[in-house]
Amino acid sequence: MKILLGPARLALMLLASGVVWGQNIPDTFKEVERVVAIGDVHADYARLTAVLRQAGLTGATNHWTGGKTHLVLCGDMIDRGSNSAQVLDLVMALETEAQKAGGRVHALIGNHEAMNVFGDLRYVPADDFAAYRGADSARLQANQMQIALEEMQRNGSAPADVAAWQKQFLAEHPPGWVERGLAFLPSGKYGKWLAQLNSVVKINDALYLHGGISSKYIKRSLKSMNESVRSELANPGKRASVAQDEDGPLWYRGLMLDPEDDAKAGQLVRRILEEYDVKRIVVGHTPNPAVMPRFEARVIGIDVGLAAAMGGPAAYIVIEGGQYFAVHNGRRLPLPAVGGNILEYLTQAAALDPPGSRLRVLLQNRIPR
């Protein structure tokens, strides 16, 4: 289901009040003793809570128990799964609880958060719309349909067959669509919160973001990128230049897809490390069958398809005392240092998978017999 800034979305936007987007939000954190970084959750509340408990960040009642740990969620907390509200409510609550305990929750903006704010809902399943339904959903749906129709009539684009248009509108905007849409407006519960978040942070010696840094953005400061995305999320009716850019920090996939033996790709990685004074770059966005080190472990991809809808393993990374570990299906494995044996790590991870897993198949196809 793809709904961009059509009549219905524009009608919703008329209800939005002005929001002041966050400025001077810290994006650099030093001397952090423990970091847990999780890739794309995609609205899977059950898998998220299971991983948080396994990592010692929450207890049975889903309250923060992680002390001074910094939790990084590398974007795409929503879409594909059916529990976006539960996931966002939990993350918002943990954000406050962690800070009170001396820790932090860094919920970073991914391309799917931006898509929802901008009205692109093609990855929202029907069950997720239904989760926002209330006693007043039918009336809100009918009112929204009438507002959208009147908006089209004012613009001279009224449908020739109103009855057919109404039928299509109701099919494309099910009960719960209005409530969900309002929640992601700049004045809404989730839209307002998202416009206060970072897209990229630096913690100790690592950079964390959803997509990656392309050569187009390498000279931009963290503050500049973060403020641009926040401003665009707070004003979704205006043209977004960073949050919707394929080469921007929410969308760029080159760090995970470019061949590692490509000279330009390797040079870009080195430039990023130098420009931002880090040793590692941690990204989500591009699914892999395990936490995936690339470019001699200078880049770490942590989108493992964690959500049940994606079928990946329960895997994430932990950084303690400067050492990087992948937790794969409950087992803690040292991530290779620069120049280390990445194949050995992947073989250990594959041994923890069920037969026929994507990682096992990948290794079987790559290792000569």
Side-chain angles (χ1 to χ4, degrees), residues 1-17 19 21-22 39-45 48 73-92 95 107-133 140 144 172-199 209-211 226 228-246 248-251 284-285 303 306-307 309-310:
M1 182 181 297
K2 182 178 180 181
I3 307 171
L4 301 174
L5 286 178
R9 179 66 178 176
L10 287 169
L12 267 184
M13 291 291 294
L14 295 175
L15 303 176
S17 60
V19 174
W21 52 276
D40 306 32
V41 172
H42 280 305
D44 193 325
Y45 181 77
L48 173 61
L73 294 164
C74 273
D76 283 6
M77 296 172 279
I78 57 176
D79 278 352
R80 302 189 189 278
S82 304
N83 299 109
S84 62
Q86 277 187 293
V87 166
L88 295 180
D89 287 343
L90 174 62
V91 175
M92 291 167 71
E95 185 181 54
L108 304 181
I109 298 294
N111 63 299
H112 281 268
E113 282 78 32
M115 289 166 70
N116 275 253
V117 171
F118 297 141
D120 186 344
L121 309 181
R122 77 186 87 168
Y123 295 104
V124 181
D127 287 351
D128 198 55
F129 285 117
Y132 289 80
R133 290 179 62 173
L140 290 171
Q144 189 66 22
E172 293 182 347
H173 306 78
W177 183 92
V178 176
E179 294 94 323
R180 193 182 188 282
L182 291 171
F184 281 89
L185 288 179
S187 56
K189 178 180 181 180
Y190 302 131
K192 186 174 183 179
W193 176 68
L194 290 170
Q196 306 295 317
L197 300 181
N198 283 319
S199 303
L209 70 161
H210 182 63
N226 285 325
S228 292
V229 172
R230 284 197 292 265
S231 177
E232 292 168 12
L233 293 183
N235 299 278
K238 298 181 179 179
R239 182 179 178 275
S241 59
V242 177
Q244 292 183 314
D245 187 350
E246 291 184 356
L250 309 187
W251 289 89
H285 191 42
D303 179 3
L306 178 66
M310 301 297 289

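Keep in mind that what you see is a predicted model, and the values were worked out from it rather than measured. Excluded from the calculations below are hydrogen atoms, water molecules and symmetry mates; all remaining heavy atoms, backbone and side chain alike, are included. Along the sequence shown, residues carry numbers from 1.
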Could you measure the distance from the [atom1] atom of [X] to the [atom2] atom of [Y]? Nearest 0.5 Å is fine.
X	Y	atom1	atom2	value
D245	S228	CG	OG	11.0 Å
R133	L140	CZ	CG	12.0 Å
M310	H42	CE	NE2	5.5 Å
L194	N116	CG	CG	8.5 Å
L88	E113	CG	CD	7.5 Å
D89	W193	CG	CH2	9.5 Å

Using modelled atom types only, decide if a donor and an acceptor are shared between the side chain of [X] and the backbone of [Y] within a distance under 3.5 Å.
X	Y	result
N83	D44	no
D40	H285	yes
E246	W251	no
E232	S241	yes

Using a 4.5 Å cut-off on heavy atoms from C-beta on, say whether the side chain of [Y] contacts that of [X].
X	Y	value
Y190	R180	no
D120	Q244	no
V242	P249	yes
I109	R230	no
V41	D76	no

Looking at every heavy atom in both [X] and [Y], which two are closest together, and how far apart are they?
X	Y	result
V91	A107	CG1-CB, 3.8 Å
S84	D128	OG-OD2, 2.8 Å
C74	G284	CB-N, 4.3 Å
L250	G110	CD1-O, 4.0 Å

Check the angle between the aromatic planes of Y132 and F184 and answer parallel, tilted or perpendicular using the 30° and 60° thresholds.
tilted
Walk me through it: do L73 and L48 pass the test side chain to side chain contact (heavy atoms under 4.5 Å, CB included)?
CA-CA 10 Å; L73 294 164; L48 173 61; 4.3 Å; yes
Candidate list P175, S82, P174, test side chain to side chain contact (heavy atoms under 4.5 Å, CB included), partner F129, passing option:
P174
Ring centroid separation for H112 and H210, is it under 6.0 angstrom?
no
Those residues at least two apart in sequence (or on a different chain) that pass salt bridge (charged side-chain N to carboxylate O under 4.0 Å, His left out) with D127 are none
Side chains of W177 and Q144: is there a donor and an acceptor less than 3.5 Å apart?
no
